[in-house]
Amino acid sequence: MIKTSICDKIGIKYPIFQGGMAWASDYALASAVSNVGGLGIIGAGQMSPELLVREIKKAKENTDKPFGVNIILYLTYIDELVDAIIHEGVSVVTTGAGNAGTYIKKFHDANIKVIPVVPSTALAKRMERAGADALIAEGMESGGHIGELTTMVIVPQVVNSVNIPVIAAGGIADYRGFVAALCLGASGIQMGTRFLATKECHIHQNWKDMVIKASDRDAVVTGRPTGHPVRVLKNRLAKMFLELEGKCSPLAEYEKLGMGSLKAASIDGNIEMGSFMSGQIAGMIKEEKTVKEVIEEIVSDAEDLISDMSKFIKG
Ligand code: TUI
């Protein structure tokens, strides 16, 4: 049985996190993942504080295991979301797209563990000094808002920079990625895209089908000139974004084009004009599975692979 330091630290069976995804990971997906033994995470990205409270309550009705909430730090109403989380109480908060430092003490006072996503060793060290319980080192293979470094490059460097557990994210969707992450020194993995194509994920079927049909080069990066690069599946909207970039268009035009596109993907399934966030690993995901199948296959195949690896030692 694969167990790491993060399992005891947050009370989970398997060191596998489901990435908190705005417009995609609600209480149903998060509680399903936690019930199987991973860490399910509600993506609070698009939620009002009231909706988030309702989602946390429903998650508690559906699992007695630890689960988390992911918050996007650049949201203007972030303080209200933080207060809502503290009021409801959850086991873990993960943070994205900014510096979590100012919130760590507040969450700790409420007995909530804080695990920031970091795109660099500089932020990793800052977050450790600020009291983070663990870190998620996320490579640019990921979907959604991304940093600059690949998973292969960032994970071992963050592991070398800090003395708290590091979870690897970006480009992982099967047992080989899981074992590779452990080899890089990670104490676990986080997967987002793999969980999009699960029965318990309540996004529009068109989003799941696009992930399943995607091949290796279909998840492209848009919005680099805005300072908020976002990886999405190639469609008409993504091509329009890339055209704007080619023409060095004013930033306001990106904003106008992107308005409402996350909802258009998740709720309406608008294949042409939705913003279908996805990691590069979509190319390897070929079918919709249950959360239980995803997690249990990865764990069992990883155990076989690790046992098998001594075959590389000769003589
Ligand atoms: O955050 C993500 N992925 C996301 S965020 C998002 S955008 C969204 N916004 C509003 C509503 C709905 C969705 C879509 N996908 N991943 C974690 C991540 N964090 N990747 C990169 C970073 C990051 C970048 C810079 C973390 C910290 C950071 O620090 C800057 C600083 O202040 O030093």
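Between Thr222 atom OG1 and Lys234 atom NZ the span is 12.5 Å, to the nearest 0.5 Å.
Lys105 NZ: 12 or fewer foreign heavy atoms inside a 6.0 Å radius. Heavy atoms from other residues, nucleotides or ligands lying under 6.0 Å from NZ of Lys106 number more than 12. Asn111 CG: 12 or fewer foreign heavy atoms inside a 6.0 Å radius. Around the NZ atom of Lys3, the shell of radius 6.0 Å holds more than 12 heavy atoms that belong to other residues, nucleotides or ligands.
Phe17 is listed as a side-chain neighbour of Ile12, based on a closest heavy-atom distance under 4.5 Å.
The two residues Ala124 and Val162 come nearest to each other via the heavy atoms O-CG1, 3.8 Å.
In this structure a side-chain-to-backbone donor-acceptor pair under 3.5 Å is present from Asp133 to Val114. A side-chain donor-acceptor contact under 3.5 Å links Arg231 to the backbone of Ser142. In this structure, the side chain of Arg194 does not engage the main chain of Ile172 through any donor-acceptor pair within 3.5 Å.
Exactly one of Asp268, Val211, Asn270, Ile271 qualifies for a side chain to side chain contact (heavy atoms under 4.5 Å, CB included) with Asn206. That residue is Ile271.
Side-chain polar atoms of Asp218 and Ser215 form a donor-acceptor pair below 3.5 angstrom.
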